[in-house]
Amino acid sequence: MPLIELIDVVKRYKIGEQEILALDGIDLTIDQGEYAAIIGPSGSGKSTLMHLLGCLDTPTSGTMLIDGIDVSRASGNKLSEMRNQKIGFVFQSFNLLPKLTVLQNVELPMIYAGVSARERRERAMVAIERVELQNRVKNTPLQLSGGQMQRVAIARALVNNPRIIFADEPTGNLDSRTGANILQLFRELSTGGCTIVLVTHDAKIAAQTPRRIEIRDGKIVDSESMDPLLSGQ
Ligand code: ADP
Ligand code: ADP
């Protein structure tokens with residue numbers, strides 16, 4: 001069963017009298033464990049598409065199923081429940097709280113989810129080990145490199161065991177080698193069954209993911225699936 005399924009999804013924004021057609025009939029399927037990049041120029045609709053996929057907003061028309069649940073007309077509460085149960089977010093600017101330690105930052109989503117202190121500690125440590133930062137748990141973000149900060153953000157996205165991680169320009173503030181390490185970490189997570197969808201305007205970043213979903217003027221123009229590591233090189 002596909003994890004994400006969009007059928008003829010349209011998103012319009014109204015600004016006064018003016019209407020903007022941000023997404024113009026999107027058909028898209030993403031399976032569990034896929035690792036895909038949404039790519040396209042500025043203004044093409046990437047952020048709008050990710051906001052819909054991330055259950056931050058609903059389409060103007062069309063059908064959107066996430067993990068088999070129809071969220072096309074879901075209420076704000078239902079969307080919030082979907083985000084908390086199924087989705088992790090990673091951002092270009094890491095969005096870590098500077099006064100909290102690595103461990104406390106990673107524990108945060110579980111405080112919102114009402115997990116006990118002991119379980120929070122245990123699950124945070126498991127996530128921190130997955131990103132190999134167990135020797136930095138007591139540091140604060142400003143004591144870390146950019147790549148380490150992004151790994152903390154990924155650990156934080158992982159702690160509620162999401163089905164999907166959405167990453168918005170996750171390597172935008174990193175040098176290319178550090179960025180490649182983050183992309184490799186996503187690849188490992190997807191091999192473990194977590195679906196990863198990242199958004200980028202950078203073709204060099206997108207070229208490092210097994211699947212590219214290219215969007216222009218609100219339409220998908222190409223959705224190839226070809227793993228550069230598995231193809232003939
Ligand atoms: P991208 O992420 O590829 O730069 P966006 O999804 O942000 O593209 O934008 C697609 C189109 O929708 C653009 O024309 C943009 O101006 C418009 N748009 C995006 N968000 C809003 C909004 N909240 N209100 C009005 N128009 C918006
Ligand atoms: P709740 O309604 O339960 O408080 P949140 O607002 O905490 O839900 O959102 C859940 C997730 O969605 C969080 O991981 C948060 O980072 C992400 N999120 C919330 N608003 C935005 C936004 N405008 N853009 C991107 N991600 C967002």
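In each ligand, atom 1 is the first atom listed, and ligand 1 is the first ligand listed.
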**Study point:** Numbered atoms of ligand 1 (with element) below 4.0 Å of S44, judged on heavy atoms
**Key:** 1 (P), 3 (O), 8 (O)

Exercise for review: Measure from the side-chain N and O atoms of D70 to the backbone N and O of S72, and report whether any donor-acceptor pair falls under 3.5 Å.
Suggested key: yes

Practice item. Answer yes or no for atom 16 (O) of ligand 1: protein heavy atom present at a distance under 4.0 Å? Key: no

Point to revise | Within-4.5 Å side-chain heavy-atom neighbours: I128 and L133 | key: yes

Exercise for review: Report, in ascending order of atom number, the atoms of ligand 1 lying under 4.0 Å from any heavy atom of A22.
Suggested key: 11 (C), 12 (O)

Point to revise | D175, CG atom: more than 12 neighbouring heavy atoms under 6.0 Å | key: yes

Check your understanding: So do the side chains of S116 and R120 get within less than 4.5 Å of each other, counting heavy atoms only?
Key -> no

Exercise for review: Provide the number and element of each atom of ligand 1 under 4.0 Å from a heavy atom of K46.
Suggested key: 1 (P), 2 (O), 3 (O), 4 (O), 6 (O), 8 (O)

Point to revise | atom 8 (O) of ligand 1 [closest protein heavy-atom partner, distance rounded to 0.1 Å] | key: G45 N, 3.1 Å

Review point. Closest heavy-atom contact between L56 and L79?
Key: C-CD1, 4.5 Å

Check your understanding: How close does the nearest protein non-hydrogen atom get to atom 2 (O) of ligand 1, and which residue and atom is it?
Key -> S47 OG, 2.5 Å

Review point. Quick one: nearest non-hydrogen protein atom to atom 23 (N) of ligand 1, plus distance?
Key: Y13 CE2, 3.7 Å

Exercise for review: Applying side chain to side chain donor-acceptor pair (under 3.5 Å) between K11 and each of T58, T60, D57, report the one that passes.
Suggested key: D57

Practice item. Report yes if the side chains of V159 and E107 come closer than 4.5 Å at any heavy-atom pair, otherwise no. Key: no

Exercise for review: Note the single closest protein heavy atom to atom 6 (O) of ligand 1, along with its residue, its atom name and the distance in Å.
Suggested key: T48 OG1, 2.6 Å

**Study point:** Per-atom contact, atom 10 (C) of ligand 1, protein heavy atoms, under 4.0 angstrom
**Key:** yes

Review point. Do the non-hydrogen side-chain atoms of L185 and V131 ever get within less than 4.5 Å of each other?
Key: yes

**Study point:** Atom indices of ligand 1 within 4.0 angstrom of I20 heavy atoms, with elements
**Key:** 12 (O), 14 (O), 17 (C), 26 (N)

Review point. Against heavy atoms of I15, which atoms of ligand 1 measure under 4.0 Å?
Key: 25 (C)

Exercise for review: Could you tell me whether the side chain of R151 and the main chain of E132 form a donor-acceptor pair under 3.5 Å?
Suggested key: yes

**Study point:** Heavy-atom nearest neighbour in the protein, as seen from atom 1 (P) of ligand 1, with distance rounded to 0.1 Å
**Key:** G43 N, 3.5 Å

**Study point:** Numbering as shown, the atoms of ligand 1 that approach S42 to under 4.0 Å (heavy-atom distance)
**Key:** 4 (O)

Exercise for review: Can you sort out which atoms of ligand 1 are near P41, meaning under 4.0 Å from one of its heavy atoms?
Suggested key: 3 (O)

